[in-house]
Amino acid sequence: MSLINTLAQTAPDEMLKGLGAIGAGIGYGAAAIGPGIGIGIVVGNAITAMARQPESAGMVRTTMFLGIAFTEALALIGFVVFILIKFA
Amino acid sequence: MMLLTALLRFAPEAPGAVAEKTTNPILPATNEIIWGAISFTVLFVLISKFAYPAVKKGIDARAEKIKGSLDEAERTREEANGILDEYRRQLADAKNESARIIEEARQSADKLRQDLKKQAEAEVAEIKARAQDDISAQVERAMGDLRARVADMTIELTEKVVQRNLDRETNLALIERFIDEAGNAA
Amino acid sequence: MNLVLSALHFPPIGELVEWRGILFKDSPFEVNKVVLLMWAGALIVFLLFWSAGRAAARGSLVPTGVQTIVESGIDFVRNDIILQTMGPTGLPWTPFLVTIFFFVFVTNIFEVIPFIQFPVNARMALPAFMALMVWVIFNVVGIKSQGLGGYFKSMLFPPGVPKFLLPLVALIEFISTIFVRPFSLAVRLFANMLAGHLLLVTFAVLSAALFTKGPLAIVLPLPFLMLILLTGFEILVAVLQAFIFTILAAVYIGGAMHPEH
């Protein structure tokens with residue numbers, strides 16, 4: 001704590017920028033965890049479905065992309081937040 | 001390399017010039033959104049008015065043509081199938097006909113053979129019977145001859161042997177009986 | 001080592017995506033590289049369709065060249081997007097969705113075209129405009145086909161939800177349909193292209209720095225290889241994002257046309 005105070009006293013602007021960058025990075029990293037797992041589940045199940053019923057592969061692929069798009073939106077919102085923090 | 005030179009050549013303006021007026025990149029720039037709207041709208045109008053219908057017409061025409069040729073092919077195939085069926089039927093008919101003819105021929109041949117056989121058998125029987133008749137007639141005649149000759153000879157012989165002039169009628173009866181007896185015994 | 005790293009200058013985002021005006025400076029109609037690329041994209045797409053239409057009008061029933069590209073694109077949008085998500089009643093939307101698909105794809109693919117190398121959609125303008133347009137369209141279509149009350153009823157109260165959850169669900173559905181849909185539609189395209197562009201720039205800058213600064217050139221192949229791989233990946237992303245933008249537009253419009261999809 002005293003270290004942070006010392007750093008803040010010496011260079012407050014740099015300090016804040018650095019903290020902001022750390023926050024943005026951690027935020028984006030955290031935001032990517034859930035969608036990563038989610039997209040994995042979506043694609044894995046889509047592959048299972050395609051392997052079970054190859055004749056409906058086209059429909060499954062379309063639905064899979066839809067699912068990916070919806071899941072990915074969360075990661076992208078994380079990315080946007082990252083940009084917003086950087087440019088706030 | 002090209003990638004790098006390209007990147008360098010089109011590098012954005014110098015850092016100093018931008019730094020002070022850097023805006024949040026998530027907000028659309030006014031000029032860009034206006035021009036983007038204009039570009040898209042113009043493009044959409046041009047495409048939906050002029051270009052798309054022509055392309056669509058081409059696609060539809062091709063689909064129509066392909067459908068037409070498929071129908072034509074289907075029709076031709078059906079026709080060919082009909083002809084094939086007709087030929088098959090005719091072939092089957094011809095087969096039946098030939099089988100019938102062969103059967104008929106066999107039957108008539110059979111009948112002919114039977115007839116000929118019967119006829120031959122009848123002829124053979126007739127010939128046999130005639131021969132039998134002939135033979136019995138000859139035998140009859142020979143027997144008659146023989147009997148007469150034997151009777152004569154016997155009489156002569158007996159006359160010669162017994163030297164006695166027997167009554168011819170009596171003798172003949174005797175001899176006749178004797179010969180009958182001999183014949184029966186034989 | 002220090003020399004190399006200090007010389008390595010990663011440009012800030014603003015420097016990468018903001019372009020100096022060329023014409024009409026400081027007016028709302030300022031023209032810069034992004035605007036030029038929008039024009040170029042619109043022109044390219046129109047020329048593609050126009051020449052395909054000409055070829056079709058000439059009656060060449062076997063498609064060749066440009067005609068093949070355009071027709072397979074139309075076929076793809078028709079069979080793999082509209083029929084799968086909107087059903088046959090969505091077919092009148094084909095020209096609109098085909099335009100979106102081709103325009104988004106062409107403006108995306110500028111990212112990897114040598115000497116251009118800037119995806120128009122890494123600027124928020126075009127995605128925001130198109131998402132807003134899709135938003136307006138699906139709301140208008142929904143109100144037109146189901147009536148104002150019916151549209152909001154089917155939007156807010158999905159069937160099969162327990163009664164006590166309805167207020168919460170209605171609130172969530174309202175926010176997700178009215179606010180999150182256009183926002184995520186625009187941001188998905190924008191963020192994907194911006195992220196791709198940043199990745200390419202990062203590895204290009206790294207390659208360039210290593211290439212020019214002598215002793216570390218021995219590791220040059222690594223970032224350069226990565227740059228090549230990423231270029232291929234960005235081509236995939238360009239196609240995929242065009243597809244996803246189009247299919248989501250189709251899903252939104254189709255969902256407004258038939259509730260309980």
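These values consider heavy atoms only, across backbone and side chains, with no hydrogens, waters or symmetry-generated copies. Chain A is the first sequence line, chain B the second, and so forth, proteins listed ahead of strands; every chain is numbered from 1.
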B/E32/C/R123 salt bridge by N-O under 4.0 Å criterion: yes

Residues B/E78, B/R75: salt bridge by 4.0 Å N-O rule: no

Do you know which of [options] has the most heavy-atom pairs with chain B at a distance under 4.5 angstrom?
{"options": "C/V120, C/L194, C/T94, C/V98", "answer": "C/T94"}
{"options": "C/L126, C/V31, C/N32", "answer": "C/N32"}
{"options": "C/F96, C/F24, C/W50, C/F118", "answer": "C/F96"}

Of the backbone (N, CA, C, O) and the side chain (C-beta and beyond), which part of [X] lies under 4.5 Å from a heavy atom of chain B, both, or neither?
{"X": "C/I100", "value": "both"}
{"X": "C/F102", "value": "neither"}
{"X": "C/F190", "value": "side chain"}

Residue part contacting chain C, namely of B/L27, when any heavy atom lies under 4.5 Å: backbone

Region of B/L46 in contact with chain C, defined by heavy-atom distances below 4.5 Å: both

Pair C/F101 + C/F76: ring centers closer than 6.0 Å: yes

Pairs involving residues 41-51 of chain B, ordered by first then second residue, that meet side-chain hydrogen bond (donor to acceptor under 3.5 Å, both in side chains) (sequence neighbours left out): none

Main-chain N/O of B/S136 paired with B/D133 side-chain donor or acceptor, under 3.5 Å: no

